[in-house]
Every structure is written in C-alpha cells, then in structure tokens.
Amino acid sequence: MYQIQEQSTEGEITIVTVLFDGDLEPEVWHIASTDEDQIDKELTLIYEEKQK
Amino acid sequence: MADLSFDEAKSTPNDDLLAVQVSGQNPDGTQWGGMKTQGAVPTGGATVAEQETQTARLAAIETATEAIETRLANQATLAVQNDQLSALNSLAAEDFATQTTLAAVLAKIIAAPATEATLALQATQTQMGTHFSGLYSRQDTANTSLGVLEGQTVKLISTNAGTATGAAQTIVSLDVGEASFISYQISGTFNMTQIWECSNDNTNWVACPMASLNAPGNAATSQQPGSKTGIYTVQTNFRYWRARVSAWSSGTLNATVLLFGVAGSVSTQAVTGNVTTKGQYITGSAPATSSVGVADQALVSQNFSRKGLILTNTHATQRVSLAFGATAVLDSGITIMPGQQWKMDEYSYSNSAIRAIASGAATVVSIQEFT
C-alpha cells in the first residue's frame, strides 16, 4: 500500500516521506498526529483516494 | 404502494412472432415498459416436435399473462421491486427458449410485490452510492430535508471564510448554535486531508460526517481526503463545528462556510401568570460625572455591553441636551432640566456614544451605566 522512507516529528506534526504503491516518486506529507495508528490511518486514506 | 405499476401485460402471439409486452406508469405519469420477443416462430414446414415446442411456449406466456391479469384484477397497482424490473429489462430473446425466465420473474413479482419499506431501503442504498435501477422521488428542497414546516423559511445567517496551507491548521471553527445547517464549500488547488468535527462544549470534539452535494455518498465519513473540491452540508444538532487539516502535502485550501437558520414560527401560545421579561441581572458601572459646557462634547462612550443608563443633571439652573451618535443641539432631542434625571428604557435603548451640550458652562451630569 505504501512505504515510509523517512519520518520525523515537529511538535505535534509528523513529517513522512512516503512512496505509495503505483507511484514513481515519493511524496512528503505533514500529518497532524504523532500517533502511529493515526498516521497509518491518514496514509491509508490518502492511498485509497489515489486508487479512485 | 403506487410507485410502479403494470397497467398492461399481454402476450401477442401470431404466426411469426412470440412477444410479451410489459408496460406501466411511473409516479410522475410517464410511461415505461417494453416488448420482449423470441423471434420468428417456425410455421410452414415445422416438424411436429417444433410445433409442440411452440405450443408449449405460447401456453407459458398465456399462463403468465393470466397471472398478471388476475393480479391486476385484485389490486389496483402492482409495484415492482428494482431487481425485478432489472430482470425484466434484461430479458433477451433467448430467455424464451425454455420459457422459464419470464415465468420466474413474473411469479416473483406476483408473489412478492414491492412494499414501501423495500422501496425506501433501495432509495437509501442509492443515496449511499449503491446502484439500483428504478425510479425514486427526490427531496429537492432544502426545506424538506431540514424538516421546515409551513410558515418557516430558511435564512442565511452568516458567511465565513477560512484557509489552510499546512497540517494541523484549523480551516474554520464556528459557533453554529443559531444555525440549522452548514454549507461548506472547498476550493483551491491542494493535496491534503481534512477532518470535520463538532462539539457542544467547544472542548471535546467528535467526528462530524458531512454529505456531498455534488457527489452524494462520497463524504459519509468525517474525513475528506485528497484534493476534492465541492460543497458539503450537515445539519447542526450541536453547538460548535470546525474543519481541520489532518494531513497536508501541498497547496492552499480555501473554504467558504454559510450558516443557514430557520426563521419564523408555526404557532403562538398564550402566556398567563407572572412573566419575567428581563431574565438576567445587570451590573452597575462605577458612578461617574462629566462637566458639560456650552459646546457639543462627548458625554458617554459607545458601549456594546450597555444594558441601562441613568443621567442626572445636577446643576440647579442649567439645562443639558443629549444626542445619540450625533452632534448635540441645545434644547433639541432629549433635554434634562435642572435637577432632573433621564433613564434609558427599552424604547430609547442605544449602545452608541452619547454627546451633550449645556445651557451654561460647567453643568455637571452624573452618570450611572449598567452592563
């Protein structure tokens, strides 16, 4: 579904460099959470949106 | 049960063609239906077996026709469930090879005609994005969806705007206590996800799903992903509402939020007994005085929290004239005679600045304001 290549935090924001399945280039996403489950939820949501 | 009905169903056998015609009337008066044919029936030169087959086919169609006519005779309307209608529409000529498909569909229609409950369920499923063939009535006015009653109107209360260019930003946060529903429009070029939340205490927030106007069924969750623009709505069964960016990658999101309320009342009720019309205590400001001269000057500043005001002309011989948000003119408007008081009431209430002019220098006015 996706692969996180880099991950860091700035306060309550998690910055991830992620390569979604089917994409050629990774994307940098700023996620308003440091909770891993929430991060996964966000990235899953983004991936599913890409599939539409 | 008047959603769909058969008003004609018959077989039209002849020497060359087998056909079943099924038609009906929709709630809006338009007609639907069609004819399903088997093709040319072998006549001249047909074998005994072929003729027997055709005889059996005709018998099956006639049996089905009789069943429909019986049904129509017993009931004014014959509702058709969507899947049944789809089955009818999908019949092809080859289906008549065994004469079982049509008979099965007709038997299903007759045995279990649609009910209001099943049609309502199918309508709901369609709204949720599931495809069902068929016809549904549409609640095409905001009033209907809001449950607005006769005599009430939907009124725009306020227009609000917001923008977001990064994660964790609040796009807009509103007190929607006076609103009946929210219309939230998203525009711009961006790649982010956002979440909609509502609250009654402005502290604890819960997810707030919204409906998409341009893509019904696409926004059933509280979270709107990707770069979708459009208009989303929700009824306000809560006090506070906000939209936040849950994840951001690029771009700027612009939002316009309209709050709509329901205006007007549907009934009146007589009230008897003791009624308190001023249901709140007010607080007196610190007593003050101001010396007014013979030229127009400020006396009391504008105060949006003002609920009451008492002015006393303490001078023994000189008059004081007042003006609300305008230049004071001696002996015009409200004039307080020497030693007299003026009290603001519900018919003279104003929160604007008050100016004054006196008939002589150093006319002291005593001021008591309430908030």
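Letters A, B, ... are given to chains in the order of the sequence lines, protein chains preceding strands, and every chain is numbered from 1. None of the values given here were measured: they were computed from a predicted structure.
Counting heavy atoms from C-beta on, the side chains of Ile31(A) and Trp248(B) never come closer than 4.5 Å. Using a 4.5 Å cut-off on side-chain heavy atoms (C-beta onward), Thr193(B) and Glu49(A) make no contact.
Residue Gln3(A) qualifies as open at atom CD: its count of foreign heavy atoms under 6.0 Å is 12 or below.
The CD atom of Gln38(A) sits 7.0 Å away from atom OG of Ser246(B), with the distance rounded to the nearest 0.5 Å. Taking NE2 of His30(A) as the start and OG of Ser250(B) as the end, the distance is 10.0 Å to the nearest 0.5 Å.
For residues 157-178 of chain B, the salt bridge (charged side-chain N to carboxylate O under 4.0 Å, His left out) pairs, not counting sequence neighbours, are Asp175(B)-Arg239(B).
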Quiz: residues 6-17 of chain A side-chain donor-acceptor pairs under 3.5 angstrom, not counting sequence neighbours:
from	atom 1	to	atom 2	distance (Å)
Gln7(A)	NE2	Glu36(A)	OE2	3.1
Thr14(A)	OG1	Ser33(A)	O	2.4

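When atom types are taken as modelled, the side chain of Ser249(B) and the backbone of Val28(A) share a donor-acceptor pair closer than 3.5 angstrom.
Between Ala32(A) and Ala167(B), the shortest heavy-atom contact is N-CB, 4.2 Å.
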